Amino acid sequence: MLAVGALLTATVALAQDPDLARRQAEAAAEIAARAEEETVLAEGEGRSETFAYCTACHNTALIRRSAFTRDRWDDLMDWMVEKHGMNPIDGEFRTTIVDYLAQHYGPRARGPRGGNPFLD
Amino acid sequence: MPGYKRTERSVAELYRDDPERADALVWGRRDTLKGAGLAAMGVALGSAIPFARHLPSGMLPAALAQGTAPQFLQMEGKARLILQGERPLNAETPEALLDDDVTPADKFFIRNNGSVPEPAGDPRAWKITVDGEVNTPLELTLGDLEARFPLVTARLQMECGGNGRAGFSPQAAGNQWGNGAISNAEWTGVRLRDVLRAAGLKEGAKFTGHHGADTHLSAQGPAISRGMRIDKAMEEDTLIAIRMNGQPIPQMHGAPARLLVPGWPGSLSQKWFTRIELKATPHTGRGMGGTSYRMPVRPIVPGSRNNGADFADMESMPVRSVLTSHAHGARLPAGTRALDIRGQAWAGDLSVRAVDVSVDFGQSWQAMAVAAPPNRHAWQRWSGRVAFPSDGYFEIWYRATDSNGRMQPHAAANWNPQGYGANPISRAAVLVG
């Protein structure tokens, strides 16, 4: 009972703290600004290019959690340009990055029968 | 026991990568799980699997089906949420933290499309503009809003459009949410329709376009700007919210004012809300068109390429349920034969008619009690008791049915590149003994 009471008081106190908004905004900015090392990405040819080009807007968490085919990585390059204002990348540079992504962040799960018969 | 641990992890990885091959390699079988293979799996899990004969081939027990260990958010005023990404900052509420009927601020999931803005110096001076297809464009401070329009309070579910995305196979693009990008806070605000009527809708006002103060990750332009059909804007429960759970809205959740468009993709509930446009044609802001918040009308091959040109905008969210009384991976005392369980269920603009639970891999289902929502668009409490025939490994499968009779499906349906609308039956592993 006592514990519940203390918890409630703490919650209300937090919510009424006029400075909490500022501190949360600062905390969010701090989390977003956390530096990453290139080595968080899988080792391989094209890693430096990918790290340099792809962390201008977001961190590598978005890449590391992804598991796409080469086609879908390639599509994503256009999507990032069309929807999110990324500078278009073409030619050899694009090949390097898309090859790197497809090789190291390729599909993980396969369909229930070991693949989709309409894709292979 | 390091050897044992290594085996367990590699089994999980194998199953994640290629379940059928894993069945063949790990358990030395090509068809269904049985006999020695099963005993081996039981050893890996540290217990017997009582309903093993009903475990379909290629289906990994929920306890093994986790990916890499999740990371957690550490922020003052926020609970231990699952960190989905740092930039943009996104965090999911674990299901077991969704037990409150009214979601407290600390357990509210975080979805940001861009950067969190600086807090407003004087919230009451915050301005909201109404323009476009209206007779009298308005510019209202929050003070004006409160003075001119009636305040209403309701419990409203608000869910990310991508909630459940992790259920898709192959993987879809975006935050890999489980079921935890959902909230049901008590919101206070003015009805959007009262404000729109005060501005006077012109004949041509068929769609809305929403704007907020957060900036894109590239620092160029707005983070996101979505819109909807006018009908949803004129609904009773669509609010310009100024308080959450009786308190000023926290900075993380859109202070000092946000839209609240319950039951539809959360991206419509514009945070740090500054402006609404009325339009004759669908809005074209960032997050509209293509594959964004849109789903196939004619189902496409999972994993295939598609530009979304003939997809349709996602509107009411699909039926879904969470189990809140027991976390996935809970251990129960040996000899536990009955377990009281509970959770929440909701269905976009609809309500939930039934929740059914199975502890034998779907072989039999049992109806739970489902409470009526306190108001429309609030989630509903479900509860009941399940029985275990023995000690061992069990999975609690839970499935809600909406008021139109549609159930959560066995597997995520209607695959789409950005992963909207996945609401498969959920599975929580528990170990008795």
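Keep in mind that this is a model prediction, so the values were computed, not measured. Letters go in sequence order (proteins before strands), and every chain restarts at 1.
Annotation: side chain of B:Pro88 is in contact with side chain of A:Leu62 (closest heavy-atom distance under 4.5 Å). Within the 4.5 Å cutoff, the side chain of B:Gln171 has no heavy atoms near those of the A:Pro107 side chain. Between A:Leu20 and B:Glu76, the closest side-chain pair of non-hydrogen atoms falls below 4.5 Å. At a threshold of 4.5 Å between non-hydrogen side-chain atoms, the residues A:Glu36 and B:Glu86 do not count as touching. You'll find the side chain of A:Trp79 reaches within 4.5 Å of the side chain of B:Ser292, heavy atoms only.
Proximity to chain A involves both the backbone and the side chain of B:Ala173, based on heavy atoms less than 4.5 angstrom apart. Using a 4.5 Å cut-off between heavy atoms, B:Leu73 touches chain A through its side chain atoms alone. Contacts of B:Gln74 with chain A are made by backbone atoms alone, with heavy-atom separations under 4.5 Å and no side-chain atom involved. Both the backbone and the side chain of B:Asn175 come within contact range of chain A, each with at least one heavy atom under 4.5 Å from a heavy atom of that chain. For a residue to count as touching a neighbouring chain, one of its non-hydrogen atoms must lie under 4.5 Å from one of that chain's; by this rule B:Ser218 touches chain A with backbone and side chain alike. Only the side chain of B:Met75 has a heavy atom closer than 4.5 Å to any heavy atom of chain A. For A:Ala27, the parts lying near chain B are the backbone and the side chain together; criterion is any non-hydrogen pair under 4.5 Å.
One finds the CD atom of A:Glu26 at 10.5 Å from the CD atom of B:Gln251 (value rounded to the nearest 0.5 Å). Taken to the nearest 0.5 Å, the CD1 atom of A:Ile31 stands 7.0 Å off from the CG atom of B:Leu83. Here CD of A:Gln24 is found 7.0 Å from CD1 of B:Ile110. Values are rounded to the nearest 0.5 Å. The distance from atom CZ of A:Arg34 to atom CG of B:Leu89, rounded to the nearest 0.5 Å, is 9.0 Å.
The candidate with the highest count of non-hydrogen atom pairs below 4.5 Å against chain A, out of B:Thr291, B:Leu217, B:Ile249, B:Asn307, is B:Leu217. With respect to chain A, the highest number of heavy-atom pairs below 4.5 Å among B:Gln220, B:Arg286, B:Met244, B:Glu118 belongs to B:Arg286. Among B:Gln84, B:Gln176, B:His216, the residue making the largest number of heavy-atom pairs under 4.5 Å with chain A is B:His216. The most heavy-atom pairs under 4.5 Å with chain A, out of B:Gly246, B:Pro119, B:Gly287, come from B:Pro119. Chain A forms more heavy-atom pairs under 4.5 Å with one residue of B:Gly114, B:Ala172, B:Pro117 than with any other, namely B:Ala172.
Here the closest non-hydrogen pair linking A:Ala28 and B:Met252 is CB-CE, 3.5 Å. Counting all heavy atoms, side chain and backbone alike, A:Lys83 lies closest to B:Gly290 at NZ-N, 4.3 Å. In terms of heavy atoms, B:Gly85 sits closest to A:Ala61 at CA-CB, 4.2 Å.
B:Arg87 places a side-chain N or O within 3.5 Å of a backbone atom of A:Cys57 that can act as its donor or acceptor partner. Between the A:Arg65 side chain and the B:Gly174 main chain, a donor and an acceptor come within less than 3.5 Å of each other.
Around atom CD of A:Glu30, more than 12 heavy atoms belonging to other residues, nucleotides or ligands sit under 6.0 Å away. Counted within 6.0 Å of CD on B:Gln71, heavy atoms from surrounding residues, nucleotides or ligands total 12 or fewer; the atom is thus considered open. Heavy-atom contacts from other residues, nucleotides or ligands closer than 6.0 Å to CZ of A:Arg47 number more than 12.
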